[in-house]
Amino acid sequence: MEKTFYPVEVSYTLKNGKPVVQIFGRDETGKQVTLLDDRYTPHFKVLAKDNDIAEKQLMNLHVERERTVGVVSVEKANMTYKGKTVEVLKAFVERPADVPLLRDAAKSIGTVLEADILFSRRYFLDHDIRPLTKHKVECEEVQEKYRTPTYAVKSITHESDSLDTVRILAFDIETYSSTGKLPVAHRDPIIMVALIGDGFRRVITWKDCEHDDLVVVKDEKELIEAVRDAIVEYGPDVLTGYNSDGYDLPFIKERAEKLGAAFDIGTDYTGLRKNRTTDVLITGIANIDLLTYVRKSVRFSLETPVFTLDSVAKELLGDGKIEVDFQEVFRAWENGDKEQLSKFADYNLQDTDLTYRLAELFLPNIMGMAKLIGLPLSHVYSLSYSQLVEWYLLREAFQSNRIAPSRPGENESISRVRERFEGAFVFEPKPGIYKDIIVFDFLSLYPTIISAHNISPETVNVKECKENSEAVPELSEEYWVCKEPRGFISEMIENIIRTRLKVKEEIKKDPDNKMLQARQLALKLVANATYGYLGFVGARWYSVEAARIITAFGRHHIHDVIEKSKEAGFEVLYSDTDSIFLGLGSKKREEAEKFVDVINESLPGLMELEFDGYYSSGIFVAAKGGGGAKKRYALLTEKGELKIKGFETVRRNASKIARSTQKEVLRILLKEHDAEKATAYVKKIVTELKNHTLPAEELVIQTQLQRDPSQYEAIGPHVAAAKRMQEQGKEVYPGMIVQYIVTAGKGRIRDRVKLPDEVANHVYDSEYYINNQVLPAVESLFDTMHVSIVEEVEDKKQSTLGSFL
DNA sequence: TCCATCCGGGG
DNA sequence: GTGTACGGATGGA
């Protein structure tokens, strides 16, 4: 029979000593089904000098275990390795686990390759199976022990249509502790568990209590089994929690074993399995620990330095955890206090709801990446950017008959760490204020360089192609890149860029399509991470030469634009990596637009310089050590908006008054070009500070607490403030924003820190705010106008003093 | 100061 | 399960 099938998860099992791949997913009606495929045999590859001898040696290999482990058969195949066609031996074995047993012994025969690629992952990649996309399956129904209908596969082919939702179930457990410390599974019980899915909401406990959605069972053993029943009843594709691999699931596993409770939630009735790391495996359900995903991927776009559920949810959902005193909860549990326990159920449900909402937020992107790379959700969500690139490359390699290079050994990694190289070019700006600025930047600079200059590990510095190669500029030693043939990675990047352009066209027609957005984002991520991947010490396709050449071409192209800008009569104000800031001077905007067209005609491949924006003025300031400061400037748009980059006081650990003064000075300087007016403005603020006429709210300093106050050795003002909060019985936790005001008096600043609600207006330390907040925020701005704002203000101080005398 | 180990999150 | 994070902070020599 023929079936339509959307794969979600994969694993394998042994039947009569032979591996059977299990693919879990849904059919066209949305019903969960399982496919079994026993046609795939594990193998590894060997490159040897003499294949006839090596073949005999491989067949004679054996390792004694409970059974004799050996190579079952050997095949020869022509494949591409490091850009060359080679004849390789494929050594087939009985079981996936035989590979690591035999690979060490096979090292004496030749170079062992592809002996470290997981069997089920390899199955997906080799068969072009892509999770969550439509497949046509020729199969026949079989009777096996699974929770779903089961079919034996005869053939499976990938089609284009794809699934855009998965069934998510979030859960969170609550545990009891008599010691006041974090509960531990060998001693403490699970007392409550909440589960939330699409139209599904349940909280389970084993002491009498009243609450909506609440189920009360007899004891902890029944609780664990009721959780199992809830999961089976809901039938999730994705089971998700927050730190569930590090806490909830191992806790459940240990308690279930101790109490003899069944937690056989797997599609094949197996329970939780744990591997050597922290991962917990569930057969047929994608187990996704959101904390892992936050740490690996989301962190780069988060403000918060700590990844607690509360701080991540507050930032991304605008909603946090309910505050709870665990000692009170545990007392309520001991006493059977129904009212308190019902509040605790609210807490449990809120945590689970936040987890569910975060999962809804993250899943489209995880799904987009799973479809692109072709690995199941439970595998992709935990991959770092370099691993995402690597798995994309592995899929491409398998499909183009290439042998994947091995990961570096320990010694190789160590020697790679020492191979550093020069990065991007940053133009040192001349401090000053400029009018009529045009900014251009290169679109996806490194990806387009890789594609345009054919950069790939097997195309750089290869002797055979020297005659037909491109020389690399900007480097002291000689480097060259083959023009032919097309490199593995450069070709792949070009395909990604082109595909992404097409997807972006589709998005224009269908802007609200989340799946298209996710696909576009996945393509962008892989393209942008490839340069970093080539220089990553753990990479299979590592090439420090390629990475060095990419940044060299980057510097070359931006230098070229700088030179041509000068020749065309523009003033070059600034440049960083892929962008250039030009002063128009007497030129017209149209001339700048034409100039970009001329540049683009000379750029190779898909490289493109793009008009980024026009600014009516901008300021570059001096660095502390002299010269112009890099990555620190402000621009004024035509609409009058300020675009500020790199000034420390833009961050939130400055008082409102420092920030607003800086902004106003920037505004006066950029809009009105009037240094005197700006000076007068600062003097006015200084006077107000001295006269204590500013409201205290303007003086509040906000700093994020990185850890618990007791954990600090150096007690900074914000730590002192946090300790004060604790003394007043307020909750203090890492990641929170602490607010304080520095008040007048003698001694250390930290001893003069007060909380905003303790300070009446006018008691603040005006000297501190003038010298440590306001003046440092504007000093470098005035320096560009050759005005010493500190001296100006001191004159004012004296004259104020003078007027008193 | 350098190197190695520890930690994150979770109740 | 054919694999094994990572980057910063801490602490000891």
Side-chain angles (χ1 to χ4, degrees), chain A residues 11-14 19 40-45 69 91-104 106 112-123 172-185 187-193 241-252 273-279 281 283 289-297 299-300 305-312 321 324-330 333 344 347-348 351 355 375 379 382-387 390-391 394 404 406-407 536-538 540 706-707 711-713 733-735:
Chain A
S11 58
Y12 77 92
T13 178
L14 292 177
Y40 195 52
T41 314
H43 82 271
F44 60 95
K45 298 189 172 89
V69 175
F92 291 89
V93 299
E94 203 173 342
R95 303 179 186 187
D98 294 348
V99 174
L101 297 176
L102 291 166
R103 69 179 166 209
D104 287 334
V112 177
L113 291 157
E114 295 185 5
D116 56 359
I117 297 165
L118 289 188
F119 185 65
S120 53
R121 287 184 180 180
R122 166 154 221 143
Y123 175 85
D172 177 45
I173 71 167
E174 304 301 336
T175 51
Y176 171 85
S177 166
S178 54
T179 59
K181 288 185 190 152
L182 194 72
V184 281
R187 179 187 63 213
D188 302 312
I190 302 168
I191 58 178
M192 199 180 273
V193 178
Y242 204 84
N243 196 22
S244 49
D245 279 359
Y247 191 77
D248 303 58
L249 290 174
F251 210 110
I252 293 177
R273 284 164 295 129
K274 211 168 160 4
N275 59 11
R276 270 195 277 155
T277 55
T278 53
D279 298 3
L281 305 166
T283 307
D289 181 348
L290 296 186
L291 171 63
T292 307
Y293 184 66
V294 166
R295 281 211 197 122
K296 296 249 161 127
S297 295
R299 62 187 297 178
F300 303 104
V306 288
F307 308 126
T308 58
L309 176 59
D310 187 59
S311 44
V312 172
K321 288 172 69 118
V324 75
D325 180 333
F326 280 100
Q327 296 321 311
E328 267 177 41
V329 168
F330 296 152
W333 181 256
F344 195 47
Y347 168 89
N348 193 186
D351 273 13
T355 307
L375 292 181
H379 296 210
S382 65
L383 298 181
S384 62
Y385 286 132
S386 58
Q387 286 172 305
E390 185 148 291
W391 280 101
L394 280 164
S406 296
R407 320 176 71 122
F536 165 56
V537 294
R540 288 173 192 271
Q706 303 284 337
R707 42 189 139 145
Q711 301 293 305
Y712 282 91
E713 280 194 32
Y733 54 91

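Chain letters run A, B, ... following the sequence lines, proteins first and then strands; every chain starts at 1.
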Engineer: Can you list everything that forms a side-chain hydrogen bond (donor to acceptor under 3.5 Å, both in side chains) with A:Thr292? Sequence neighbours excluded, please.
Structural biologist: none
Engineer: Tell me: CZ of A:Arg121 to P of C:dT4, nearest whole Å?
Structural biologist: 11 Å
Engineer: Determine the contact category for A:Gln387: base if any of its heavy atoms lies under 4.0 Å from a base atom, sugar-phosphate if only primed atoms, P, OP1 or OP2 are that close, otherwise nothing.
Structural biologist: nothing
Engineer: Salt bridge (charged side-chain N to carboxylate O under 4.0 Å, His left out) with A:Lys45: which residues, sequence neighbours excluded?
Structural biologist: A:Glu114
Engineer: Taking C:dG7 as the reference, what is the distance to B:dG9 when you measure between their C1' atoms (whole Å, please)?
Structural biologist: 16 Å
Engineer: Mind listing the N/O atom pairs, protein and nucleotides 6-10 of chain B, below 3.5 Å?
Structural biologist:
residue	atom	partner	partner atom	Å
B:dG9	OP1	A:Phe307	N	3.4
B:dG9	N9	A:Asn243	ND2	3.4
B:dG10	OP1	A:Leu309	N	2.9
B:dG10	O4'	A:Asn243	ND2	3.0

Engineer: So what does A:Ser384 hit on the nucleic acid, given a heavy-atom distance under 4.0 Å: a base, only sugar-phosphate, or nothing?
Structural biologist: sugar-phosphate
Engineer: Does OP1 or OP2 of C:dT2 have a side-chain N or O of A:Tyr123 closer than 4.0 Å?
Structural biologist: no
Engineer: Does A:Glu390 reach a base, just sugar-phosphate, or nothing at all? Heavy atoms under 4.0 Å.
Structural biologist: nothing
Engineer: Have a look at A:Arg407 and say if it touches a base, only the backbone sugar-phosphate, or nothing, with a 4.0 Å heavy-atom cut-off.
Structural biologist: nothing
Engineer: Using the C1' atoms only, state how far B:dT5 lies from C:dA5, rounded to an integer number of Å.
Structural biologist: 16 Å
Engineer: Got a sec, which residues hit side-chain hydrogen bond (donor to acceptor under 3.5 Å, both in side chains) with A:Tyr123, two or more places apart in sequence or on another chain?
Structural biologist: A:Asp37
Engineer: Without decimals, in angstroms, what is the distance between A:Leu394 CG and C:dG3 C1'?
Structural biologist: 12 Å
Engineer: Base, sugar-phosphate or nothing for A:Phe330? Non-hydrogen atoms, less than 4.0 Å.
Structural biologist: base
Engineer: Under 4.0 Å between any heavy atoms, over every strand shown, what does A:Pro96 touch: base, sugar-phosphate, or nothing? Just pick one.
Structural biologist: base
Engineer: Can you check the A:Leu281 CG to C:dT2 C1' distance for me, whole Å?
Structural biologist: 15 Å
Engineer: How many whole angstroms separate atom CG of A:Leu118 from atom P of C:dT4?
Structural biologist: 10 Å
Engineer: What is the distance, rounded to the nearest whole Å, between atom CD of A:Glu114 and atom P of C:dG3?
Structural biologist: 14 Å
Engineer: What is the distance, to the nearest angstrom, from the NZ atom on A:Lys296 to the P atom on C:dA5?
Structural biologist: 8 Å
Engineer: Nearest-Å distance, NE2 (A:His379) to C1' (C:dT2)?
Structural biologist: 13 Å
Engineer: Any side-chain N or O of A:Arg103 below 4.0 angstrom from OP1/OP2 of C:dG3?
Structural biologist: yes
Engineer: With sequence neighbours excluded, tell me which residues meet side-chain hydrogen bond (donor to acceptor under 3.5 Å, both in side chains) with A:Arg540.
Structural biologist: A:Asp116, A:Glu390
Engineer: Main chain of A:Val294, side chain of A:Ser297: is a donor-acceptor contact present, judged purely on distance under 3.5 Å?
Structural biologist: no
Engineer: Just to verify, what does A:Tyr347 make a ring-ring contact (aromatic ring centres under 6.0 Å, His included) with, not counting sequence neighbours?
Structural biologist: A:Phe326, A:Phe344
Engineer: Looking only at side chains, do A:Thr283 and A:Arg273 share a donor and an acceptor under 3.5 Å apart?
Structural biologist: yes
